[in-house]
Protein chains: 2
Amino acid sequence: MSEHPFIRLFNRYLREQGLPVTHQRNRVAAAVFGSEDHLSVDDIEGILRAQDERIGKATIYRTLDLLVKSRLVEEHDFGEGFKRYEHRLSRTPVHQHLICSECGDVEEFESPEMPAIEARVAREFGFRPSRHRLEIYGLCRSCQEAGVTLSQEGLACPIEVA
Amino acid sequence: MSEHPFIRLFNRYLREQGLPVTHQRNRVAAAVFGSEDHLSVDDIEGILRAQDERIGKATIYRTLDLLVKSRLVEEHDFGEGFKRYEHRLSRTPVHQHLICSECGDVEEFESPEMPAIEARVAREFGFRPSRHRLEIYGLCRSCQEAGVTLSQEGLACPIEVA
DNA sequence: CTCAGTGCAAACCGTTTGCAGAACG
DNA sequence: CGTTCTGCAAACGGTTTGCACTGAG
């Protein structure tokens with residue numbers, strides 16, 4: 001019954017915190033661990049419904065809080081008006097996101113230059129970094145091949161351009 | 001009356017789009033251009049109220065949409081549950097954010113390595129970048145000096161660490 | 001004068017919360 | 001068995017929208 005080995009990690013976390021291990025918690029965790037995507041709460045609800053699991057949205061939110069606190073899952077906000085969740089069990093330890101403004105597709109990439117950037121701000125600003133977020137928005141290959149161009153509605157002659 | 005020269009740019013944008021230049025639009029724009037901070041809609045409402053301007057929230061939101069479209073203003077989401085707005089008229093052309101998880105303070109820093117990163121993902125993924133976001137969360141100098149430490153509630157023995 | 005903008009209040013929508021009943025330990 | 005969880009539905013809070021009225025061009 002302890003399907004995914006990661007479920008066991010989650011259960012260990014729950015026991016460490018003195019929290020009950022429940023059927024619903026494990027089903028929500030299994031849904032997240034079983035996907036390599038960035039899932040919205042609706043996605044998770046859909047996965048569970050497809051398994052004939054009728055788990056309330058509130059429980060899904062409450063379980064995701066626990067998964068995030070356990071650090072087994074990461075929360076993302078890509079500015080869509082809702083959050084997405086992704087488990088942290090892939091091989092790539094740090095990953096950044098490439099987000100297509102047209103189709104919304106998210107690819108991951110590594111950026112080996114991040115540690116150097118963090119070290120620099122630590123030195124220059126006396127800032128102690130704990131986590132970061134690097135997202136590049138633009139057009140993915142397939143949208144470019146489909147001939148999509150991003151509309152640019154700004155001032156004809158901007159004062160200064162990046 | 002055309003106080004800030006940037007207001008004129010905004011008015012030019014409005015005329016280019018065939019949209020009316022109104023008192024409210026200019027007051028909202030002036031509030032944003034007159035501050036170097038990252039303003040929430042409530043902040044803007046407060047600034048306007050302090051000037052005895054009674055402008056509805058809906059109008060503020062609608063005007064911010066126009067300012068963002070004109071590319072004179074940037075929208076940010078620091079995961080607080082609401083958006084913040086900042087004009088793009090400072091000397092620093094590209095700026096990244098250093099966000100203190102304790103006091104919420106936001107500092108800006110430049111990262112000259114971004115163009116190289118963007119060039120790399122363009123090459124490796126066939127992705128065409130249009131804009132990016134780099135945010136580093138952690139503890140600012142003053143919170144460290146005040147003795148604050150970030151609580152770490154995750155699993156005692158994480159599977160893999162970044 | 002006409003058409004778009006404004007203010008108000010209601011609608012929206014993702015998320016959170018309160019509470020009665022169910023489950024874990 | 002006591003304590004925590006679950007599901008439901010209502011509450012929440014930032015943002016958006018519908019509509020009668022005002023104001024820009």
Side-chain angles (χ1 to χ4, degrees), chain A residues 1-2 7 10-32 38-46 48-49 51-70 73 75-85 104, chain B residues 1-2 7 10-32 38-46 48-49 51-70 73 75-85 104:
Chain A
M1 258 297 137
S2 58
I7 300 281
F10 180 46
N11 292 349
R12 177 151 72 83
Y13 171 78
L14 291 174
R15 279 189 290 271
E16 274 174 11
Q17 305 292 313
L19 299 171
V21 172
T22 68
H23 175 73
Q24 289 87 332
R25 284 175 176 171
N26 277 352
R27 301 306 295 176
V28 172
V32 179
H38 304 78
L39 302 172
S40 66
V41 170
D42 276 349
D43 292 336
I44 295 169
E45 211 181 14
L48 294 171
R49 208 182 344 258
Q51 303 168 349
D52 272 313
E53 289 284 348
R54 214 144 305 274
I55 296 180
K57 259 201 171 76
T59 300
I60 297 176
Y61 278 108
R62 287 184 280 227
T63 304
L64 285 169
D65 282 349
L66 294 171
L67 285 165
V68 169
K69 278 210 195 98
S70 77
V73 165
E75 185 182 81
H76 296 294
D77 184 344
F78 297 136
E80 299 168 294
F82 53 86
K83 308 265 178 62
R84 291 187 176 273
Y85 298 85
Chain B
M1 259 297 133
S2 57
I7 300 280
F10 180 46
N11 292 349
R12 176 150 73 81
Y13 170 77
L14 291 174
R15 279 189 291 269
E16 274 174 10
Q17 304 291 315
L19 300 171
V21 173
T22 68
H23 175 73
Q24 288 87 333
R25 284 174 177 173
N26 278 352
R27 299 308 294 175
V28 172
V32 179
H38 304 79
L39 303 171
S40 66
V41 169
D42 277 349
D43 291 336
I44 295 169
E45 210 181 15
L48 294 172
R49 206 178 350 254
Q51 303 168 348
D52 272 313
E53 290 285 346
R54 214 144 305 272
I55 296 179
K57 258 202 173 77
T59 300
I60 297 176
Y61 278 108
R62 288 184 281 226
T63 304
L64 285 170
D65 283 348
L66 293 171
L67 286 164
V68 169
K69 278 208 194 102
S70 77
V73 165
E75 186 181 82
H76 296 294
D77 184 344
F78 296 136
E80 299 168 294
F82 53 87
K83 307 265 176 64
R84 291 187 175 273
Y85 299 85

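So that the names make sense, note that chain A is the first sequence line, chain B the second, and so on, each numbered from 1.
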Checklist entry - Between A:Gln24 and B:Gly81, who's closer to the 5' end of DNA chain D by nearest nucleotide? => result A:Gln24
Checklist entry - Given that B:Lys83 and B:Leu19 both sit by DNA chain D, which one's nearest nucleotide is further toward the 5' end? => result B:Lys83
Would you mind reading off the distance between [X] atom [atom1] and [N] atom [atom2], rounded to a whole angstrom?
X: A:Asn26; N: D:dT6; atom1: CG; atom2: P; value: 10 Å
X: B:Leu64; N: D:dT16; atom1: CG; atom2: C1'; value: 13 Å
X: B:Arg84; N: D:dT15; atom1: CZ; atom2: C1'; value: 16 Å
X: A:Glu53; N: D:dT6; atom1: CD; atom2: P; value: 12 Å
X: B:Leu39; N: D:dT15; atom1: CG; atom2: P; value: 13 Å
X: B:Lys57; N: C:dG7; atom1: NZ; atom2: P; value: 13 Å
X: B:Glu45; N: C:dG7; atom1: CD; atom2: P; value: 11 Å
X: A:Leu66; N: D:dC5; atom1: CG; atom2: P; value: 8 Å

Of the options [options], whose atoms approach the side-chain atoms of [X] most closely?
X: B:Arg25; options: C:dG25, C:dC8, C:dG5; result: C:dG5
X: B:Val41; options: D:dT15, C:dC8, D:dT6; result: D:dT15
X: B:Arg62; options: D:dG18, D:dT15, C:dG5; result: D:dG18

Checklist entry - Of B:Thr22 and A:His23, whose nearest nucleotide on DNA chain C comes first from the 5' end? => result B:Thr22
Within a strict 4.5 Å, meaning less than it, do heavy atoms of the [X] and [Y] side chains meet?
X: A:Phe10; Y: A:Leu66; answer: yes
X: B:Phe82; Y: B:Val41; answer: no
X: B:Thr63; Y: B:Val32; answer: no
X: B:Lys57; Y: B:Asp42; answer: yes
X: B:Asp52; Y: B:Arg54; answer: yes

Item to check | From B:Leu64 atom CG to B:Thr59 atom OG1, the distance as rounded to the nearest 0.5 Å | outcome: 10.5 Å
Next on the checklist: I need the B:Arg62 CZ to B:Arg25 CZ distance, nearest 0.5 Å.
Outcome noted: 9.5 Å
Enumerate all atom pairs, one protein N or O and one N or O from nucleotides 20-22 of chain D, separated by less than 3.5 Å.
none

Item to check | Sugar-phosphate only, base, or nothing, as touched by A:Tyr61 at under 4.0 Å among non-hydrogen atoms | outcome: base
Checklist entry - Using a cut-off of 4.0 Å on non-hydrogen atoms, how would the nucleic acid contact of A:Arg54 be classed: base, sugar-phosphate, or nothing? => result sugar-phosphate
